[in-house]
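See structure below.
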Amino acid sequence: MKIRIMTGLVVVVMSASALFFLKREDKLESARERTEHYEPNWESLKKYETPEWFRDAKLGIFIHWGPYSVPAHGSEWYPRWMYQDSVVWSPTGEVIKKEPSFAHQYHLKNYGHPDTFGYKDFIPLFTAEQFDAQQWVELFKQAGARYIVPVAEHHDAFAMYDSKVTRWNAVNMGPKRDVLGELIKAGKAQGLKVGASSHFAFNWDYFNKKSGFDTNDPQYAGLYGRKHEPYTPADTEFLELWWARTKDIIDNYQPDVLWFDFVIDREEYRPYHPKLAAYYYNKATEWNKEVVLQNKNFNGFESYPPGTNVLDLERGKMSDISKYPWQTDTSIGKNSWCYVTNWKSKSPNTIVDDLIDIVSKNGNLLLNVGPKADGTIPADQQQVLQELGRWLQKNGEAIYGTRPWVVFGEGPTEVATGHHTESKNKELTSQDIRFTTKDGHLYAIAMDYSESGDYTITSLGSESMYLGGKKITDVQLVSSVEKLRWEQTPEGLNIQTSAKGNYACAFKVIF
């Protein structure tokens with residue numbers, strides 16, 4: 001900061017960086033002044049507002065890692081399937097096949113019968129000797145992520161943190177390290193927001209507790225759950241255990257994001273929905289921070305009314321701009337969330353397009369990685385993250401901190417929407433355009449480079465109803481300083497460029 005003294009006047013001239021820090025301090029002071037107290041009812045919880053940091057961040061990294069990474073077969077549901085020795089059940093108990101699961105047959109061949117080598121016996125093999133939280137976070141930052149969400153506990157009930165509730169945790173067993181704690185520390189040290197996910201609710205019906213299996217032995221009930229009538233609603237004892245484990249994560253790790261998998265979207269959890277939100281949001285007030293609570297409202301069950309938290313869609317998208325911020329969670333892996341030996345990575349182009357499409361509709365992308373059991377992240381996954389990061393380094397201006405325009409985009413390619421729909425999607429083309437806005441400018445992103453270098457954006461024609469009389473004064477390429485040739489006609493904005501690339505092409509439209 002510089003002070004210039006003129007006659008009768010003192011002028012303070014600030015550098016851009018000094019001004020940034022003053023604005024940042026203003027925001028922090030505003031946060032300190034927030035004393036909102038939430039009651040466990042929807043009227044009170046509707047006062048919640050999604051934090052601006054989350055809306056600006058756009059990209060997070062999800063991490064599925066646990067003892068299931070040791071067999072590395074099928075998916076992270078291997079612990080469930082290995083015990084299905086005669087019938088394969090759906091998550092709600094419907095019979096899918098009357099035969100042993102593929103995982104059970106694999107387990108017999110490679111580890112023996114589950115009555116002699118159970119899932120618990122993978123835990124000592126989960127040593128994580130190469131795990132380096134700092135290296136992971138550095139990779140995630142290179143990818144352009146602004147927050148990370150490690151899986152704190154999956155359906156298998158193995159806590160990847162220093163649990164005060166269960167002895168089945170990564171500090172007592174396996175790695176003998178506080179994995180969640182290390183990632184939170186490393187993430188915050190490098191300026192990232194860090195959350196945690198809970199998938200524990202499905203533990204109630206996750207394991208087949210057949211006589212003779214170790215799943216039926218009471219001494220292992222802390223891992224496999226108590227025996228009960230299969231696929232009946234969770235009882236009070238289990239619900240209170242779920243609540244105790246959830247509070248354990250909240251109280252001891254103060255996550256910026258708290259993410260929940262399906263099954264809490266069931267009737268028996270209904271009393272806990274407002275209770276959880278109020279508890280978490282009030283804790284955030286104590287911590288002087290803004291937090292994000294996420295769940296799925298799975299199978300049409302509205303656990304949380306719109307605006308009381310952030311809706312998450314698993315492997316799926318929205319069809320249009322959402323009034324409320326939302327998120328897609330998906331994996332780099334087409335066929336798994338945890339590392340498996342036949343892991344199939346999506347192309348960087350698919351991931352880039354997913355991010356752009358989601359952001360244009362007021363969403364964020366939570367992109368999952370699956371580390372190996374030893375703690376290394378496979379090269380093919382790293383390559384996808386690095387390619388995504390390179391694109392964002394050049395084009396992030398059109399993504400970070402943006403908000404939706406009046407329409408999300410245009411183009412001939414339809415996008416499947418809703419949970420578990422991504423496999424139906426086709427690759428987007430240079431004729432498919434997505435829009436974002438920031439600082440009074442519009443960004444038009446072609447979802448691929450045109451071979452001819454020609455682009456026509458019909459929504460930006462001189463007679464377009466979307467422009468509201470605004471006139472375009474310039475069009476720039478976000479990724480370079482190339483001078484573009486462009487013309488606005490009643491039919492559309494025509495752009496010509498010699499620029500080439502592998503992924504999407506972003507234009508900045510100035511009015």
Side-chain angles (χ1 to χ4, degrees), residues 55 58 317-326 349-350 352-363 365 391-392 394-417 425-511:
R55 299 192 68 194
K58 306 305 181 188
K317 302 176 187 176
M318 291 274 189
S319 60
D320 206 338
I321 297 170
S322 170
K323 175 182 177 181
Y324 299 102
W326 60 283
N349 184 63
T350 296
V352 169
D353 285 357
D354 281 348
L355 174 63
I356 298 164
D357 183 63
I358 290 162
V359 168
S360 74
K361 298 170 183 174
N362 204 25
L365 172 62
W391 187 87
L392 282 167
K394 294 181 178 180
N395 299 280
E397 177 186 340
I399 299 296
Y400 298 120
T402 62
R403 297 294 181 264
W405 193 45
V406 291
V407 289
F408 73 86
E410 64 179 50
T413 311
E414 297 218 359
V415 175
T417 58
N425 286 327
K426 298 177 181 178
E427 293 287 349
L428 297 170
T429 71
S430 61
Q431 293 178 290
D432 295 298
I433 309 295
R434 297 294 181 266
F435 300 114
T436 62
T437 61
K438 183 170 63 178
D439 298 333
H441 302 307
L442 174 66
Y443 296 92
I445 309 173
M447 303 300 267
D448 199 358
Y449 274 81
S450 164
E451 289 187 12
S452 66
D454 297 331
Y455 302 84
T456 297
I457 306 173
T458 58
S459 300
L460 300 182
S462 57
E463 297 180 2
S464 171
M465 63 180 178
Y466 302 129
L467 294 182
K470 288 184 179 179
K471 296 191 180 298
I472 296 174
T473 59
D474 196 14
V475 181
Q476 302 170 0
L477 197 62
V478 174
S479 61
S480 82
V481 295
E482 177 197 342
K483 187 72 174 174
L484 301 177
R485 296 184 299 279
W486 62 273
E487 179 187 17
Q488 188 183 24
T489 69
E491 290 72 34
L493 174 64
N494 301 313
I495 304 171
Q496 290 182 308
T497 174
S498 60
K500 299 295 180 184
N502 295 324
Y503 313 124
C505 178
F507 300 102
K508 182 177 183 177
V509 180
I510 299 172
F511 296 103

Any side-chain heavy atom of [X] within less than 4.5 Å of one from [Y]?
X	Y	result
S319	V415	no
L477	C505	yes
Q488	V509	no
D448	Q431	no
I445	I399	yes
L392	Y400	yes
I356	N395	no

Where do P404 and S360 come nearest, in terms of heavy atoms and distance?
CB-O, 3.7 Å
Nearest atoms (heavy-atom pairs only) where G461 meets L467
O-CD1, 3.4 Å
Across all chains, not counting sequence neighbours, the side-chain contact (heavy atoms from CB on, under 4.5 Å) partners of D454 are S452, Q496
Can you tell me how far apart [atom1] ([X]) and [atom2] ([Y]) are? Round to the nearest 0.5 Å.
X	Y	atom1	atom2	value
N349	D354	CG	CG	9.5 Å
M318	N362	CE	CG	9.0 Å
E397	D439	CD	CG	8.5 Å
D474	L484	CG	CG	8.0 Å
Y503	T350	OH	OG1	10.0 Å
T437	Y443	OG1	OH	9.5 Å

Distance alone, cut at 3.5 Å: any donor-acceptor contact between the side chains of T458 and E491?
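No donor-acceptor contact under 3.5 Å links the two side chains.
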Hey, are N494 and R485 close enough side-chain-wise for a donor-acceptor pair under 3.5 Å?
no
In this structure, which one of L460, I510, T436, V475 forms a side chain to side chain contact (heavy atoms under 4.5 Å, CB included) with L442?
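With L442 as partner, side chain to side chain contact (heavy atoms under 4.5 Å, CB included) holds for just one option, L460.
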Decide side chain to side chain contact (heavy atoms under 4.5 Å, CB included) for V352 and M447; before the verdict, give the C-alpha distance in whole Å, the side-chain angles of both, and the deciding distance to 0.1 Å.
CA-CA 9 Å; V352 169; M447 303 300 267; over 6 Å; no
Using a strict threshold of under 4.0 Å (side-chain N to carboxylate O), is an ion pair present between D353 and R434?
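A salt bridge is absent here (no side-chain N lies under 4.0 Å from a carboxylate O).
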Please say whether more than 12 non-hydrogen atoms of neighbouring residues, nucleotides or ligands are located less than 6.0 Å from [atom1] in [X].
X	atom1	answer
K508	NZ	yes
E414	CD	no
K426	NZ	no

Derivation and outcome, side chain to side chain contact (heavy atoms under 4.5 Å, CB included), residues W326 and I358
CA-CA 9 Å; W326 60 283; I358 290 162; 3.9 Å; yes
Please step through side chain to side chain contact (heavy atoms under 4.5 Å, CB included) for the pair F507 and L493, ending with a clear verdict.
CA-CA 11 Å; F507 300 102; L493 174 64; over 6 Å; no
Start with the C-alpha distance between W391 and N502, add both sets of side-chain angles, then the distance that settles side chain to side chain contact (heavy atoms under 4.5 Å, CB included), and finish with yes or no.
CA-CA 9 Å; W391 187 87; N502 295 324; over 6 Å; no
Side-chain donor or acceptor of K58 paired with backbone N/O of T402 under 3.5 Å:
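Checked: pair present.
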Aromatic ring proximity F435/Y466, centre distance under 6.0 Å:
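Judged by ring-centre distance (under 6.0 Å), F435 and Y466 do not meet the cut-off.
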